[in-house]
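Only heavy atoms go into these numbers, but all of them, side chains included; no hydrogens, no water, no symmetry mates. Protein chains get the first letters and strands the later ones, always in sequence-line order, with residue 1 at the start of each. Quick caveat, the model's predicted, so the values are computed rather than measured.
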Amino acid sequence: MNYNFREIEAKWQKYWADNQTFKAHNESDKPKYYVLDMFPYPSGAGLHVGHPLGYIASDIYARYKRHKGFNVLHPMGYDSFGLPAEQYAIQTGQHPAITTEVNIKRYREQMDQLGFSFDWSREVRTSDPKYYKWTQWVFIQLFNSWYDKKTDKAEDITDLISIFEKEGNTNVEALCDDDTPAFTAEKWASFSDKTKQEVLLKYRLTYLADAEVNWCPALGTVLANDEVVNGVSERGGHPVIRKKMTQWMMRITAYAQRLLDGLDTIDWPQPLKDSQTNWIGRSEGAHVEFKVQNSNDTIPVFTTRPDTIFGVSFMTLAPEHELVAKITTPGQKEVVDAYVEATAKRSERDRMADVKTISGVFTGGFAEHPFTKEPIPIWIGDYVLASYGTGAVMAVPCGDQRDYDFAKHFNIPIPNIFDGVDISEEAFADKATTIIGNSDFLNGLSYKEATKKIIEELEKIGQGEGKINYRLRDAVFSRQRYWGEPFPVYYVDGMPQMIADEHLPLELPEVEKYLPTETGEPPLGNATVWAWNTETNAVVENEKIDHTSVFPLELNTMPGWAGSSQYFNRYMDSQNSEAIYSQEAIDYWQDVDLYIGGSEHATGHLLYSRFWQKFLFDMGIAPKKEFAKKLINQGMITGTSALIYRVLGFKDKFVSKTFRNKFVHEMDEEVVRKIRNFVQLEQGTLAFQELHVDVSLVNPSNELDIEGLRKWQPEYEKADFLLEDGKYIVGREIEKMSKRWFNVVNPDAICEEYGADSLRLYEMFLGPLEQSKPWNTAGISGVYSFLKKLWKLYTSIDDSEPTADNLKALHKTIKKVEEDIENFSFNTSVSTFMICVNELTAQKCSSNAILEPLAIVISPYAPHIAEELWEKLGHSESISEASFPKFEEKYLVESSKEYPISFNGKMRFKLELPLDMDKNDIEAAVMAHEKTQAQLKGRTPKKVIVVPGKIVNIVG
RNA sequence: GCUCGAGUGGCGGAACUGGUAGACGCGCUGGAUUCAAAAUCCAGUUCCUUUGGAGUGUGGGUUCGAUUCCCACCUCGAGUACCA
């Protein structure tokens with residue numbers, strides 16, 4: 001019987017589903033192991049071949065761990081809130097829930113087809129109210145918490161209130177808004193209820209604030225910093241501007257240091273840790289207060305080089321800085337206003353694009369040097385960012401290149417405060433060799449000594465202190481979208497109130513339109529039943545709002561990362577309706593042992609999740625400070641795009657690849673004539689435009705299906721082609737697999753033709769998991785014929801004694817595959833299987849004692865065929881729990897070795913010698929050999945290196 | 001610019017802590033089988049001036065010996081970007 005993958009794969013997929021083979025139990029005598037994949041957003045396009053790469057790897061690992069006797073948790077779900085479903089809803093009016101449901105169904109079919117060993121009973125969907133109930137619940141817990149620097153953790157807000165009642169806030173060391181006023185217990189008691197709530201908002205871990213946000217007019221929503229790439233939205237590439245809006249914020253900055261420290265405790269890829277480190281952006285320095293002359297105002301500044309304070313010759317404020325208007329003198333008002341206005345108009349993108357242009361204006365105002373009391377001119381300049389530090393810098397042109405350039409440009413003096421350094425050409429910024437001079441009490445000190453000294457002095461005069469600054473900003477948590485988690489929040493007198501836990505979830509209301517309202521409110525503003533009745537604790541019609549018992553609900557929804565920030569814990573007990581998860585469940589599963597996913601989530605999902613995990617840890621409901629011990633980034637599978645070349649200016653004229661050339665003047669006259677003839681253009685410039693066409697229109701020899709193209713899109717209906725050898729040859733380009741490049745390949749066709757086991761093996765065989773690699777199906781026949789050979793090997797099975805060679809082939813394989821899986825080197829395992837099957841076939845092995853363990857070793861990679869072979873071997877239980885064969889060294893012991901004989905490090909011939917031969921005998925045997933003498937040509941070797949069991953090297 | 005990766009045949013890639021460079025697969029070439037094709041099997045396949053040489057992006061270095069370690073540079077990719 002031939003290898004019939006269709007029948008086999010369908011049979012075992014059904015068996016696994018019927019028998020719930022991969023259901024994980026929350027208690028077991030076995031050790032636990034938790035293997036997690038990043039759950040997908042179910043888009044309309046379905047899975048492409050890039051998705052399963054990580055899923056296959058994690059599935060191999062999960063299946064392997066089961067063979068190794070672990071109780072494995074391997075769940076899957078859907079990150080099902082998101083923009084595409086909403087955009088589709090806006091266009092068609094179809095509810096996003098329906099689109100999402102359809103897409104999920106397709107994803108599920110595709111995943112089932114690949115034979116993944118997921119425990120589907122634990123599936124979660126972020127858009128399911130039963131799930132987002134707990135997202136809302138975490139939000140409420142954050143709202144009810146503040147961050148105490150003394151205990152260095154989140155604490156209950158009620159504790160803070162009792163401190164305020166007892167002693168005010170003067171002794172409280174909290175991470176709170178910078179503008180929090182100081183007050184005594186008496187003062188607190190005198191505050192109105194509303195004021196109290198306002199003050200508390202400055203402490204809560206999630207809070208409302210008027211924030212400068214990234215507003216994307218095209219999407220009608222704000223975006224988080226990590227959702228803005230090069231000044232445009234990550235999704236869709238729309239322009240983004242800065243705008244002030246009242247938004248929910250997450251006080252992630254409270255955890256900046258712990259997020260940084262935690263990185264040392266987890267086994268994550270270094271590049272990923274680096275990008276989180278950079279994103280958090282810790283810098284040590286000092287906070288310095290500069291007094292404004294003839295005023296009570298001070299300008300706070302953060303600097304990493306307080307040691308250079310005697311080199312300050314001007315200050316620069318961000319144009320948006322709140323003191324600008326106050327400081328500016330009447331004489332300078334006009335130019336300053338013009339500059340401020342011009343800056344506000346420039347998009348972030350513009351400002352970023354030209355880093356080279358130096359601009360700024362003098363305000364006319366002066367600050368006072370804290371030590372010399374000299375006046376320091378105050379400038380504004382757009383190179384100072386309002387969002388970083390204090391939005392103001394003390395400029396030390398001799399020590400900072402940017403300040404140096406600014407000073408040169410505006411003819412500001414550049415005092416030199418370094419000993420023995422020439423600053424006539426550029427600034428000197430090398431901390432290691434710094435010796436301070438010309439700086440009063442700092443003279444002669446190194447960077448380190450001077451920094452310590454100056455901070456002491458600043459503290460003495462009360463104008464500064466040592467400070468650590470972070471680049472990380474608090475995260476905006478509001479989105480002006482429909483298809484996201486509603487906030488469990490209603491407003492009384494403009495102040496946010498939480499809906500009590502027991503009334504969650506607060507479900508999304510129905511709306512007629514998914515667009516913002518005419519008054520510019522978010523889509524939830526269209527809902528007519530969206531008010532909270534505090535007496536019945538239910539959502540009621542808006543018209544019942546009376547501001548006494550019925551109040552308006554929040555109109556924003558949560559961002560995409562809300563639902564993914566705690567899903568890994570929820571899987572541990574996903575059907576629990578009483579709690580986010582039971583304490584028993586999390587005590588058993590603890591954390592994720594292996595997390596596989598893309599590196600694009602480095603500063604988004606993976607940072608936010610770590611933040612939430614630390615918060616849950618502080619609350620005492622998560623036992624681990626980090627949610628995932630080990631993380632692996634699978635590489636991207638790139639697509640091979642197909643390009644056709646349009647003659648510029650001729651809509652329907654396309655030339656085959658060889659005819660186009662980027663530099664027309666380099667083209668052959670003959671070719672130019674042909675093209676001119678083709679487009680009937682005697683004179684004028686020839687140029688070409690590259691256009692992507694669907695890769696399915698191109699065959700493996702890069703020939704275009706011309707008729708197919710004409711039918712593909714109306715634009716090409718009348719296309720006319722200049723052919724070479726009667727064919728149109730397309731250009732090829734390796735690019736990210738993306739719908740817009742028409743280079744997406746989905747796994748369905750491959751599954752259909754070769755089966756899931758082939759696809760699984762092939763995706764692993766492509767190369768190292770973590771590297772990105774181009775998708776090319778050309779090689780898939782290799783793994784397919786391997787499976788056929790494997791199948792054939794099991795056609796006759798008997799109880800014969802295995803030969804020494806049989807055992808050697810098997811145990812070599814066990815050893816290598818075990819090492820490979822532990823090292824996530826899945827590509828080399830596939831080669832190992834091929835070698836093993838080739839050897840056993842050559843040896844005509846039919847021994848049960850070999851074929852049985854071999855089936856288990858292969859089973860994590862190609863589970864369907866392994867189950868079928870296992871059944872053929874006479875088993876009635878699934879192979880999935882069979883224990884992994886034990887490697888035995890004794891079968892690999894050799895008695896002789898084929899020594900490579902090298903001359904000056906180059907291998908010239910090989911010589912078989914017994915392994916127990918000692919150094920001297922080996923040397924004698926090699927020197928006596930005729931080929932040695934031929935190589936030496938009469939010379940006497942200077943030295944002979946013999947490494948027994950490895951190599952012989954003759955020098956001379 | 002800065003940070004982090006990566007450069008090995010026609011292609012994907014292999015080579016454990018420095019010890020036979022190119023495993024395994026694709027492709028290609030030749031052969032067997034076949035009326036023929038598919039499938040299958042066998043042999044070959046880094047390059048060159050082939051009784052021998054050279055060779056892992058380039059140039060140096062350490063070593064008996066370097067794809068592997070060190071230094072400098074080049075190219076490509078990813079992240080980040082006026083961060084005070």
Check your understanding: Do any side-chain nitrogens or oxygens of A/R471 fall under 4.0 Å of OP1 or OP2 in B/A84?
Key -> no
Exercise for review: Would you classify A/R908 as touching base, sugar-phosphate or nothing, given that sugar-phosphate means primed atoms plus P, OP1 and OP2, and contacts are heavy atoms under 4.0 Å?
Suggested key: sugar-phosphate
Exercise for review: Give the rounded distance in Å between these two atoms: CD1 of A/I901 and C1' of B/G65.
Suggested key: 14 Å
Review point. Under 4.0 Å between a Lys/Arg side-chain N and an Asp/Glu carboxylate O for A/E284 and A/K467?
Key: no
Point to revise | Whole angstrom value for the distance that separates P of B/U68 from CD1 of A/I951 | key: 16 Å
Check your understanding: Is A/K815 salt-bridged to A/E889, going by a charged N under 4.0 Å from an acidic O?
Key -> no
Review point. Out of A/Y784, A/W775, A/Y861, which residue meets the ring pair (Phe, Tyr, Trp, His ring centres under 6.0 Å) rule with A/Y762?
Key: A/W775
Exercise for review: Describe the nucleic acid contact of A/T303 in one word from base, sugar-phosphate, nothing, applying a heavy-atom distance below 4.0 Å.
Suggested key: sugar-phosphate
**Study point:** Interatomic distance where NZ belongs to A/K942 and P belongs to B/U63 [whole Å]
**Key:** 14 Å
Review point. Nearest-Å distance, CD1 (A/I945) to P (B/C64)?
Key: 7 Å
Exercise for review: Take the protein atom CD of A/Q270 and the nucleotide atom P of B/G79, then report the distance between them rounded to whole Å.
Suggested key: 17 Å
**Study point:** Spacing between A/Q401 atom CD and B/C82 atom P, to the nearest angstrom
**Key:** 16 Å
Check your understanding: When all nucleic acid strands are considered with a 4.0 Å heavy-atom cut-off, which category describes A/D274: base, sugar-phosphate, or nothing?
Key -> sugar-phosphate
Exercise for review: Ignoring backbone atoms, test whether A/N904 places a side-chain nitrogen or oxygen under 4.0 Å from the OP1 or OP2 oxygen of B/G65.
Suggested key: no
Review point. Looking at B/G55, does its base get a donor-acceptor pair with the side chain of A/K906 below 3.5 Å?
Key: yes
Review point. Which part of the nucleic acid, if any, lies within reach of A/K789 when heavy atoms closer than 4.0 Å are counted: base, sugar-phosphate only, or nothing?
Key: sugar-phosphate
Check your understanding: What do you reckon, are the aromatic ring centroids of A/Y754 and A/F5 less than 6.0 Å apart?
Key -> no
